[in-house]
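Notes follow the structure.
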Number of protein chains: 2
Amino acid sequence: MATRFIFLSFCLLFSSTLTISNAKIFPTFPSSRITPEKLSSLISNSKDSQGLYKTKYHTQILDHFNYNPQSYQTFQQRYLINDTHWGGSKNNAPIFVYTGNEGDIEWFAQNTGFMYDVAPKFKALLVFIEHRYYGKSIPYGGYKEIAYKNASTTGYLSSTQALADYASLIIDLKKNLTATDSPVVVFGGSYGGMLAAWFRLKYPHVAIGALASSAPILNFDNIVSPYSFSNIITQDFRSVSENCYKVIKGSWKQIEETAKKPGGLEKLQKAFRICKSEKNLAIESWLSTAFVYTAMTDYPTPSNFLNPLPAFPVKEMCKAIDDPKTGNDVFAKLYGAASVYYNYSGTAKCFDLNGDSDPHGLSEWGWQACTEMIMLTGGDNKDSIFEESEEDYDARARYCKEAYGVDPRPNWITTEFGGHKIGLVLKRFASNIIFFNGLRDPWSGGGVLKNISKTVLALVEKEGAHHVDLRFSTKEDPQWLKDVRRREVEIVGKWISQYFQDLAL
Amino acid sequence: MATRFIFLSFCLLFSSTLTISNAKIFPTFPSSRITPEKLSSLISNSKDSQGLYKTKYHTQILDHFNYNPQSYQTFQQRYLINDTHWGGSKNNAPIFVYTGNEGDIEWFAQNTGFMYDVAPKFKALLVFIEHRYYGKSIPYGGYKEIAYKNASTTGYLSSTQALADYASLIIDLKKNLTATDSPVVVFGGSYGGMLAAWFRLKYPHVAIGALASSAPILNFDNIVSPYSFSNIITQDFRSVSENCYKVIKGSWKQIEETAKKPGGLEKLQKAFRICKSEKNLAIESWLSTAFVYTAMTDYPTPSNFLNPLPAFPVKEMCKAIDDPKTGNDVFAKLYGAASVYYNYSGTAKCFDLNGDSDPHGLSEWGWQACTEMIMLTGGDNKDSIFEESEEDYDARARYCKEAYGVDPRPNWITTEFGGHKIGLVLKRFASNIIFFNGLRDPWSGGGVLKNISKTVLALVEKEGAHHVDLRFSTKEDPQWLKDVRRREVEIVGKWISQYFQDLAL
């Protein structure tokens, strides 16, 4: 999940008039150090993508909700399918669907091993549907240069359109498989988890239940505090080492002051092994990116979701910072910490701060974050591991106008999907949703953390990070993670049994 | 409700190449014999519209689901409001909202007296929201000549947009009234009832419950038989008089044969007091319109919803047909029956068949019936009171292309809102919906006629007609009607009590 990344663009946009010391620090999306080729060779905890799925395409309508001529345009929507363990339509065997999020669907399929792990038990067909405007599911004949060109063509990129895409595709697929009575369960993590939960809420006639992992559906419209995100990151680091937290907390000022001094930028460039000299050395942004994404993916086993990382990477970062060998050299400590995130493979000789390669094709999240995905997570209170700051909606709105020519609709998501008093609303409405959250994940601040009813459940794991439950299982998985997945299998199993009982009536 | 009316246009469109005998007979919308002025003076069972409501406008966004520049256009959406009995925001007093259907909202407000009748008991605020593209809620600056011009401008007329309008307006209104905790219950009849039910399903965070009266949400995608509609009309007439049914059933052929003979058209024109001679004398359509709408509004008390009518108008029609005074003169019998519907006030001296005045502003239902409201009710089996015929989807599609330049999306409504196996789907999902249906109403064939769960309920009344429960109460109301309304009040009362209990937790 990368709502915050938009603010990097914001900083860059205005940085010519700002000194680095004033630039608000926000993380960017995954590092540019890893090429797509490298990444695919590095995929850990996953099978070779060869054999994981077959690729198919569905002719999708551009605009489900209107009937003007442009609404009728179509595009090819990609989906991945694996029927290795499927029990078949004659047995009404289940269909497990991943509601794709803001990137290449292959990347999500490769990082959602849970569905592969449980498919044999349920004899489930696996389907991973790509979100419109990402990966290979690009309207306008697949031409990104048209689809991403301006608001007229990008305008059809929205969550409601995506959900309607999934409904249409699933209904059509079931018809083609003559599997209209097969129960569908949807799965998703992060934005994909939000989509899974919303899909169950809006399309109960298509999906009998949803596993929404790390779905921050409450990070909108001030339902939760805009400080929750950075508070959790702060807590992640403090829980490992108070000294580590203090060093990071103190470093921002030091970087700022160094940058101001004559020769300071050169000093920073050298300290952090930045390849090229830059006028605006966004070291703070580069560092906070590492802290944010490491906190998000603070998994108990080695992983490669955003970047290749060791097990418990926050602990590894703090190990570097607390390392007595670096003495009082704060920059050396930070460099060591950043290297855990940016250079765990050890191959990078220097770092390119403003490189913008985007191996997972996430760029259009910027558009979504400027239209409807107005997730308010930008506040840093006094004790934050980052510099104190306020959520600045107006700045975002100005940026969005300039970058995309659009005005955000900050209340739309709660108008369409709710969120305020969600317990009151869903207590006697809806069923069969699991909200999983790991409390080490900064996005858990916007998650549903309490059971709402007997079938709208919150699974909360203190040690968990961003949709850790959805990853391929490994031999090293801790007991709590095994337990979470066992519970999820149990609950999904109940939904399916109940469905078959009801169907038989 | 007037899905069938579209086929009149269809007939007219192609009538130059068809003889009257081949023209498929379908009813049109309310008679053109009543001028708006006359109608408003005739409104029976209702208070003067003066004092029933105040008129307000809300700035509404044209397209909720996309972000291209045209999406951001706005229009003025009309709503009517009555706070006479409202208990106020401090008491979280309820808000009862009518989800407007395909016409002028004043007309629906005047015909939904139930809300006025129960407002004092619940201390409820009443709000009637007009559906986009109807009445005074016209996009493009209120100019119908632009809004209705072609698919580019009419394209934003859809049920999903309308539902999102209601959500946005209600949330905004509650904010302005500082009544965010006031429970909202939605009410609607016919298409408005479909919208009320769908609104509860899609926006449970905005409405705590829905009373969906005569909402034929199952007349789509072959969920129910396309013959159900005319079967019910047939049964309505047969239940009153088998002879009446036989006379009508036999008359179609006689009209057809008469029309073919030299001087036949003149004979028909004279028999039915048609003002002008016409090349295509659509007598069959004119008559079936009367039978359909009289069956729909076969209320137990005098009424004026579509046209002014006596109590039990089907019985009155059959009285005219069975009248021994007319002997064997079938046309005289039919003329007497038609006069019950078209000339109950007795003021018309002759009838204008092709007049197309539209006092309630329903014209754009034609667009809706050509895009998404593909309600399949056109079948007449051998025993139908009408001539035997098949539902002809292809003919509709061709007509729609020609008339509006659009291709229907016949599966969209069930994709978006479900309908297939609705009991299975909603048994363990959703709550607080009443589906009322009167079995004399032909639209009850597409209604939900069985309880789905303890809180998704079907109230079915053998003697009831089209949303009779929503009408103003009268002293002459039969006991069953009083009972239905008492049950509805009871159930809505439970929803509200439960909400307040939950809110207090």
Side-chain angles (χ1 to χ4, degrees), chain A residues 61 63-72 151-158 160-161 164 167-168 171 180-181 200-206 208 367 370-372 404-407 409 411-412 414-422 424-432 455 498-499 502-503 505, chain B residues 61 63-72 151-158 160-161 164 167-168 171 180-181 200-206 208 367 370-372 404-407 409 411-412 414-422 424-432 455 498-499 502-503 505:
Chain A
I61 200 162
D63 183 357
H64 298 276
F65 304 107
N66 298 309
Y67 297 92
N68 40 34
Q70 56 270 36
S71 301
Y72 283 83
S152 289
T153 55
T154 317
Y156 301 95
L157 168 51
S158 74
T160 45
Q161 296 283 8
S168 303
I171 289 170
T180 46
D181 281 343
R200 169 63 181 155
L201 289 175
K202 297 285 190 186
Y203 297 91
H205 49 288
V206 185
I208 66 158
W367 164 270
C370 268
T371 49
E372 57 185 19
Y404 296 104
V406 290
D407 293 308
R409 296 180 186 161
N411 306 316
W412 170 245
T414 52
T415 297
E416 179 66 8
F417 301 112
H420 293 283
K421 301 198 177 175
I422 192 170
L424 180 68
V425 170
L426 297 187
K427 186 178 179 178
R428 300 181 195 281
F429 184 95
S431 59
N432 296 4
T455 64
Q498 181 116 73
Y499 169 81
D502 290 346
L503 186 67
L505 287 180
Chain B
I61 199 162
D63 182 357
H64 298 276
F65 305 106
N66 297 310
Y67 298 92
N68 39 34
Q70 56 269 38
S71 302
Y72 283 83
S152 289
T153 55
T154 318
Y156 301 96
L157 169 50
S158 74
T160 46
Q161 297 283 7
S168 301
I171 289 170
T180 46
D181 281 343
R200 169 62 180 157
L201 289 175
K202 297 287 190 185
Y203 297 91
H205 49 288
V206 185
I208 67 158
W367 165 270
C370 269
T371 50
E372 56 185 20
Y404 296 104
V406 290
D407 293 309
R409 295 179 186 163
N411 306 315
W412 169 245
T414 52
T415 298
E416 180 66 9
F417 301 113
H420 293 283
K421 300 197 176 175
I422 193 170
L424 180 68
V425 170
L426 297 187
K427 186 177 178 177
R428 301 179 194 283
F429 184 95
S431 59
N432 297 3
T455 64
Q498 180 116 74
Y499 169 81
D502 290 347
L503 186 68
L505 289 180

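So you know, we letter chains A, B, ... as the sequences are listed, proteins then strands, and number each from 1.
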Interatomic distance, NZ@Lys421(B) vs OG1@Thr180(A), rounded to 0.5 Å, equals 6.5 Å
Take Val406(A) and Thr154(A), measure what side chain to side chain contact (heavy atoms under 4.5 Å, CB included) needs, and give me the verdict at the end.
CA-CA 11 Å; Val406(A) 290; Thr154(A) 317; over 6 Å; no
Heavy-atom cut-off 4.5 Å, strictly under: side chain, backbone, both or neither for His64(B) against chain A?
both
Would a distance-only check, ignoring hydrogens and angles, find a side-chain to backbone donor-acceptor pair under 3.5 Å from Glu372(A) to Arg409(A)?
no
Does the side chain of Thr455(B) reach to within under 4.5 Å of the side chain of Arg428(A), using non-hydrogen atoms?
no
Which of the residues Asp63(A), Leu503(A), Val206(A), Asn432(A) is involved in the greatest number of heavy-atom pairs with chain B at under 4.5 angstrom?
Asp63(A)
Taking the six-membered ring for Trp, is the centroid-to-centroid distance between Phe65(B) and Trp412(A) below 6.0 Å?
yes
Any idea which of Ile61(B), Leu505(B), Leu157(B) has the most non-hydrogen atom pairs under 4.5 angstrom with chain A?
Ile61(B)
Please classify the contact between Glu416(B) and chain A as side chain, backbone, both or neither, with a heavy-atom cut-off of under 4.5 Å.
both
Is chain B contacted by the side chain of Gln70(A), its backbone, both, or neither, given a heavy-atom distance below 4.5 Å?
side chain
Compute both the distance and the angle, then confirm whether Lys202(B) meets the cation-pi test with Phe417(A): under 6.0 Å from the six-membered ring centre, within 45 degrees of the axis.
no
Option that, when pairs with chain A are counted at under 4.5 Å, heavy atom only, ranks first among Gly419(B), Pro204(B), Ser71(B), Ala164(B)
Pro204(B)
Using non-hydrogen atoms only, which part of Tyr72(B) is less than 4.5 Å away from chain A: side chain, backbone, both, or neither?
both
Within-4.5 Å side-chain heavy-atom neighbours: Val425(B) and Tyr203(A)
no
Stepwise, does the ring pair (Phe, Tyr, Trp, His ring centres under 6.0 Å) test hold for Tyr156(B) with Tyr67(A)?
CA-CA 6 Å; Tyr156(B) 301 96; Tyr67(A) 297 92; over 10 Å; no
Return the option, out of Thr415(A), Asn411(A), Ile422(A), with the maximum number of heavy-atom pairs under 4.5 Å with chain B.
Thr415(A)
Okay, Ser152(B) and chain A: the region with an atom under 4.5 Å from a heavy atom over there is both
Per-residue tally against chain A (heavy atom, under 4.5 Å) across Gly155(B), Ser168(B), Ala167(B), Gly418(B) peaks at Gly155(B)
Between Thr414(A), Thr160(A), Leu424(A), Thr371(A), which shows the greatest number of heavy-atom pairs under 4.5 Å with chain B?
Thr371(A)
